Amino acid sequence: MPAILEMQDIEKNFPGVKALRGVTFTIESGEVHALLGENGAGKSTLMKILAGAQGKDAGQIRIDGRDVDISGPLHARQLGIAIIYQELSILPHLSVAENIFLGRLPRMASMPWIVDWKLCCARARELLKQVGLDIDPLIPASRLKVADQQMVEIAKAVSENAKIVIMDEPTTSLTNREVETLFKTVRRLQEHGVSIVYVSHRLAEVKEICDRATVLRDGMKIGTVNVAETTSKDWVKMMVGRDLDQLFPKMPVKRGKEALRVEGVSSQKLKNVSFSAYEGEILGIAGLIGSGRSTLARTIFGAEARVAGSVNIGGKEAAIASPLEAISQGIALVPEDRKLQGLVLPMTVRENITLAKLGGISRVGQLNLRRESKVAAEYVQALQISTPHIDQKTINLSGGNQQKVVLAKWLYSDARILIIDEPTRGIDVGARAEIYGLLQQFVEKGKSVIIISSDLPELIGMSDRIIVMHEGRITAELAPSQFNEELIMTYASGMSH
Amino acid sequence: MQAQSKAAAPLAVPQFNGLRSTLLARGGHQLIIIALIIIVGLAIYWIQPRFLSAYSIDNILRTASIYGIVALGMTLVIITGGIDLSAGSMMALGGALAAGLLGTAFGAANPLSFPPMVAILIALAVAASIGMLNGLAISALGMAPFVVTLGMMTVVRGLTFIFADFTVGSVPGSPITFMDSLFSWLGSGSFGPIPTAAALFLTLAVILSIVLRFTPFGRSIYAIGGDAEIARLAGINVPLVIVGVYALMGMLAGLGGVVQAGRLSSVSPLMGVGYELDIITIVVVGGASLAGGRGTVFGTVLAAILISLIDNGLTMMNVPSFYQYLVKGSVLLAAVILDQWYQRHRAAMATA
Amino acid sequence: MNKREIHAKGGAADRLSAPAGASHLMGRFGDQLVPAIFLIALVITLSLVSPNFLSVGNFLDIARVVSIIGIMAVGMTIVILTGGIDLSVGSTFALASVVAASLIPGSFSDAPRILAFVLPVPFAILAGLLVGAAVGFINGFIIAKSRVEPFIVTLATMAFVRGLTYLFTGGFPTIFRPMPPLFEWFGQGYVFGLPTPTIFFALVVLIGVWITRRTTFGRSIYAIGGNEEASRLSGIKVQSIKIWAYTLMGALAALSGIILASRVGAAQPTAGLTYELDVIAGVVIGGTSLLGGRGSIMSTVLGVFILGVISNGLNIAGVPTYYQYVVKGLLLISAVGFDSYLRKMQRN
Amino acid sequence: QEMKTIGWSVAYFDHPVYQLMMKGAEKVADEAGCKVIFADGKDDPSVQASHIDNFIAQGVDGIILTPTVSDPLIPAVKKVNDAGIPLVMADRRMQTHGQPIKWEALVSWDMVKSGTIGGEQTVKAIGGKGNIVVVEGTPGAGSTIDRGNAFYEVIEKYPDIKILAKIPANFNRAKGQEVTENILQRFKPGEIDAIYYMADEMTFGGLQAIKAAGRLGEFKIISVDGQKEAMDLLRAREIDYEAIFHPDDQAVAVRILCDIVNGRTPDLANQTYEGRKMDLVEFEGMPWVRPTVYAVDKSNAHLPENQGW
Ligand SMILES: Nc1ncnc2c1ncn2[C@@H]1O[C@H](COP(=O)(O)OP(=O)(O)OP(=O)(O)O)[C@@H](O)[C@H]1O
Ligand SMILES: Nc1ncnc2c1ncn2[C@@H]1O[C@H](COP(=O)(O)OP(=O)(O)OP(=O)(O)O)[C@@H](O)[C@H]1O
Ligand SMILES: O[C@@H]1[C@H](O)[C@H](O)CO[C@H]1O
Ligand SMILES: [Mg+2]
Ligand SMILES: [Mg+2]
């Protein structure tokens, strides 16, 4: 097959970081090509260069055998390159339709300087249908859930009729259902001869959809392999540089006292939710997107109002009306959206890590910066956060490393009950194992963890118990013996068993 | 809070589903302003029945139009997430240039003399060019709009003084005073029953709202204000749009100055001192957010009317000057808090 | 064995092109570097253009003049760091100064007295500061609770407080017959050869630096400005921190107003008109972002000195009035333009 | 019969000159049997143009105008004339530029004369030769222009007088102080012979700077307005010359207009206020009732009429 794209000896430096060191990357017409690597390996950077979002310091790019010098996003689009960025690029107060056609709104045939909203709308509706969204394209994008916004991004990329479509971790906010829709779309594109670069940390997905895979490590290319001829174990070895023995370090811990009891909690989106979490236990919460899992977490944490019900901690009713009160009661919440809810992006790694427990690094309101640096360095090491130094601004970190900083922040806070909404979103396999290890250690100390995840293997691998939600209600509570993906999905879809 | 206030915002989404749903979806804020215009109007009328005289309405419309024309430009600027502090100075320069280039000012000493239409066009072109420089500094140098236009505010004021002195010879700082029928028509004349200034303002408002809603340029303005980086990644030529917006702003400020010059038949080089805040106020009361991405022409038009109604009404009711400050401050605050409350309430009802 | 451990130790992995220490330093002072160089260049140029510029006396004058704006700019930096703004500072400045002045023994005004008593100087000053803090508190309270844009809230209080000031004074200035020595010292005195306003400014800066860099309050300010929602979810008391920030701003505006009243020997209802722009300009020229979360007190100090040196220098150099406007504006734009350009280059 | 109403658009409110003038006007209005309503021009001619529209709309019986800047209000005056409402100009004069506009009378202290006096006093102070610095008012303001022109006209007649610098301090005390500090840095002892301040407010600030620099007495100080504080300073020899007027004298504008709107003929030639008599002269071919400006120095500073306001 002819190479449609060749990137050769690509170099890219950021202040303090050599992000790409002579990377060569080739894709063929009509293939789905996985791009793998640990957090911070340089995947997104390479893709941004291809999409014209960032300039390169050195190297050549050839498309269809011709040298091109991609001058910007528009040029990349003209060259037939479409991209879904790792971070959502949705403008919340514009309509969904306009978001899809941003920068290339259809014009009237008779008056080319006038936008043809009718056409725009009609085409948007069609595209949305293709990705399984039945929504009015005129509603503002802010009204969509993150997952739906992600589907809009996919619709957008598809609509560009590109020769090369780049998908940088498109599934981090999606559940199986949406992932299936995405895969259908990918296959359809492939049938039309479109090449796809697929960046993901979910290796099962890679196995399912990709033809070849290229692995980066520390900004260098390690190699390209055929997916069919290798196993995910091989890829992991290429990514991490060693064998990774066990992903889920699950060891049963003795279940202790009841740590948290939620009783009859109701709000606009929750209907009479009751459950308990125990010391030494990892409780999983499963559900489809929009089932109210995040809302439940936010409600317990005092970030959203509840209309009725009570939250008991250690057997006593806790009046939690704000995150501050939740924190002081020993609850922590790692939110699902790191950019909007997790990090103060212009602040440094150090400052973000200590943000939820400033008391731990201060006395009578005065900071002890030396102590803070020590704390930050400890967590950077424990979570193996890849950053040039603890005073790097988090905005400059790779997505996965940003996620680790959020985790670090809440691990440092003295929580006894840790709620994690999508714990490993965008986190590489190696680091995942470490995070699971940390959670395991956490419960071993007699604390309790609640994991909300759309990644069912993860949920099954880590939980001692799983509750399933559907439309704001708990529809099932499953013991380890009942853990299987189909059963969970059945309850999650609201079908009774 | 970010998420919530954004969701509660008047939406920059084109809607075609008829007046009712348009007003409900987007116009909550505008409805409030309309209601305020009516309430304030009635209150003034109740105390001072002569308030509804032709003179008074004419005056309100003229004042609203002069501020409003400049505020239209500021609306675009603010939607991009920028600000233009040089607007007041730019009014003075526009007015002074147009008037000075006529060559007919009392005591005129300069050799320049152009037909009125040409003088106005030159003035607008100069104002637009200076606006372009603002835009360039902002987009090419990546400077904060606040600083660029703050500097430009001083530069342009200086240029206005220099030009006025050049025009009127001996007396430094003198106004440029002239008589010209085109100018007078613009500033004090009428177009049928409507003041010319108001006709001009409304025409411009209609054009700009079409530009904002229906042209790629207009849509880019919203996109840039939403997130300039996302707009860039979508292939929008951000620097070009920014330069265009500030050029338009400059031109509209210049035009506001020309109309003001026509109204007063004279341009003091001090024209428009401090107006930038008034104009920004209009735009923000009109529903635009200084964070960018939000704002409508219609909102600005209504706010311009509301504010000149309040200003005018307080004088009509003979509210003592020092109390006017209290009333104006309170009304402003009450209006925005009410609006905020309503928007939140509405958002809650919408999700219910 | 793998890069991670090396990273974690902060050492120089081969992937890191700059040692952590150096970039740490750059991170600390990089923000002030270009404005500082600009200021130095400006001072050198002005000294060459006009020999009288370069004298201890003139520098003390500059230091004294910038102190008035500078004290407020420290408060404004904090407010802007939270992502807010305060347009009412000029009015607060005036109200506090007329209230304090009217309470000082020996004060006189043509208008009927509103407060029929006087207080010892320190208490009169304290009363003025409290008035300022109260205005700030109201700003902060409304902003924190109502979520109306700070621009509009403080625009409204700007008008309202100015109105109060006019009503309080009847439009007349308050003068002193004679001015009590302690009050005279407050704005006109010297400590170790330095003018008192400058001493106050320096103290305010020191406290400001300490607050922003070394306290949990300061950390919270940056966090709120950087991402309010994330801060709230991290347990930061967003509302009360905002209220404190505006209250502090109000008190500093008052301090500045009272110092000026002492310095010029009168408290005037028109004092501080349009100061808001100068104050904000000082903050922004220093490099603090109006979007919040980025900037520092030291940058602001540079900013107000840049402004002060420009206007002093142009007068000393004898630049004619109208050309001063032009030159001043251009200098201002270039002061920031150069820095912005370098940053932009660095980003790409 | 119903009390007549007079609308007065004042240049701006927040200055003692205008506060006193309005106070006086209230008093005069009570005596004359008219009602006055004041509108704050906020130093902006376009605001004043709106006032005029509002007054016409309200149907006031007479209008008094204190134009912050003269020329931009010509169209407004035309409107008043067209509406047939009697008009009196007060405090600041207005030029017709040959336009067909008219008013019943101008009641204004002589801004031009105040500048002329200042010029003459400056000449006298330095004996017809030397170096002077002028601290001007707000650039472009009517008083800066009129007063400045008259002042410079006098100075120009003396080739030995050199104007070292003209610096604006916007009629503002703090600014006056700052600008004076700059002047003192720029010109070393012996280089300046006099500073002319275009209003007392700026002088007050300037004196603080001069005293702080220990340079009081090194040069002459000439000021204008005649505020009480200034007259005290003159007697204390900190200021050398003043041109003083009484802002409230101009309140007679109300009496004149009140007569007119009530169908009486005002006695323009014999207007007095608190015993002070005013001249009747002509300006732009119309009557000008002119409260006097007095030149004051140490010789006559003790007189009761020179105590200031
Ligand atoms: N704007 C920037 N400034 C400084 N460093 C940057 C910037 N963007 C990326 N980097 C650094 O470059 C390296 C590569 O980042 P990149 O985002 O390409 O990683 P990635 O492979 O996509 O990781 P992830 O799986 O976490 O998304 C990281 O070390 C990151 O910290
Ligand atoms: N007031 C709010 N501010 C910020 N985020 C909010 C707010 N209300 C809801 N969200 C978040 O917005 C996201 C989208 O809502 P959605 O309906 O998908 O949540 P959910 O029902 O909890 O879904 P899921 O079960 O997939 O987590 C959720 O993560 C929710 O927590
Ligand atoms: O008469 C007054 C005073 O001179 C004042 O200083 C400025 O305004 C003028 O109108
Ligand atoms: Mg990435
Ligand atoms: Mg969720």
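Only a predicted model underlies this, so the values are computations on that prediction, with no experimental measurement involved.
Of the possible donor and acceptor atoms, one in the side chain of B:Gln324 sits under 3.5 Å from a partner among the backbone N and O of B:Val319. Proximity of a side-chain donor or acceptor of D:Asp200 to a complementary backbone N or O of D:Thr203 within less than 3.5 Å is not detected.
Taking 4.5 Å as the heavy-atom cut-off, the residues of residues 90-106 of chain B that approach chain D are B:Phe106, ordered by number.
In this structure, chain B has a heavy atom under 4.5 Å from the side chain of D:Asp44, while its backbone stays farther away. Heavy atoms of B:Phe51 lying under 4.5 Å from chain D are absent altogether. Neither the backbone nor the side chain of D:Gln95 comes within less than 4.5 Å of any heavy atom in chain B. Contact annotation for D:Ser70: neither backbone nor side-chain heavy atoms come within less than 4.5 Å of a heavy atom of chain B. For B:Met179, the part sitting under 4.5 Å from any heavy atom of chain D is the side chain, from C-beta outward, and nothing else. Heavy-atom distances place both the backbone and the side chain of B:Asn312 under 4.5 Å from chain D. Proximity to chain D (any heavy atom under 4.5 Å) is restricted, for B:Thr63, to the side chain, taken from C-beta onward. For chain D, the nearby parts of B:Ser321 are the backbone and the side chain; heavy atoms of each come within less than 4.5 Å.
Taking the ring axis of D:Phe55 as reference, the NZ or CZ atom of D:Lys79 does not stay both within 45° of it and closer than 6.0 Å to the ring centre. Note that D:Lys42 lies in the cation-pi zone of B:Tyr325, set by a 6.0 Å cut-off to the ring centre and a 45° limit from the axis.
Below 30°, between 30° and 60°, or above 60°: for D:Tyr12 and D:Tyr18 the angle between ring planes is above 60°, a perpendicular geometry. Using cut-offs of 30° and 60° on the angle between ring planes, the pair B:Phe178 and B:Phe183 is perpendicular. Using a 30° and 60° split on the angle between ring planes, B:Phe163 and B:Phe166 fall in the tilted class, from 30° to 60°.
Other residues, nucleotides and ligands contribute more than 12 heavy atoms inside 6.0 Å of the OH atom of D:Tyr152.
Between chain D and the options B:Thr177, B:Ile57, B:Asn59, the largest number of non-hydrogen pairs under 4.5 Å is found for B:Asn59. Of the residues considered (D:Val69, D:Ile56, D:Asp40), D:Ile56 shows the highest number of contacts with chain B, using heavy-atom pairs under 4.5 Å. Note: B:Tyr55 leads B:Phe161, B:Phe322, B:Tyr55 in heavy-atom pairs under 4.5 Å with chain D.
Between D:Asp82 and D:Lys78, no side-chain nitrogen of the basic residue sits less than 4.0 Å from a carboxylate oxygen of the acidic one, so the salt-bridge criterion is not met.
A donor and an acceptor atom, one from each side chain of D:Asp91 and D:Thr66, are nowhere located under 3.5 Å apart.
Pairing each heavy atom of D:Ile222 with each of D:Ala194, the nearest pair is CD1-CB, 3.9 Å.
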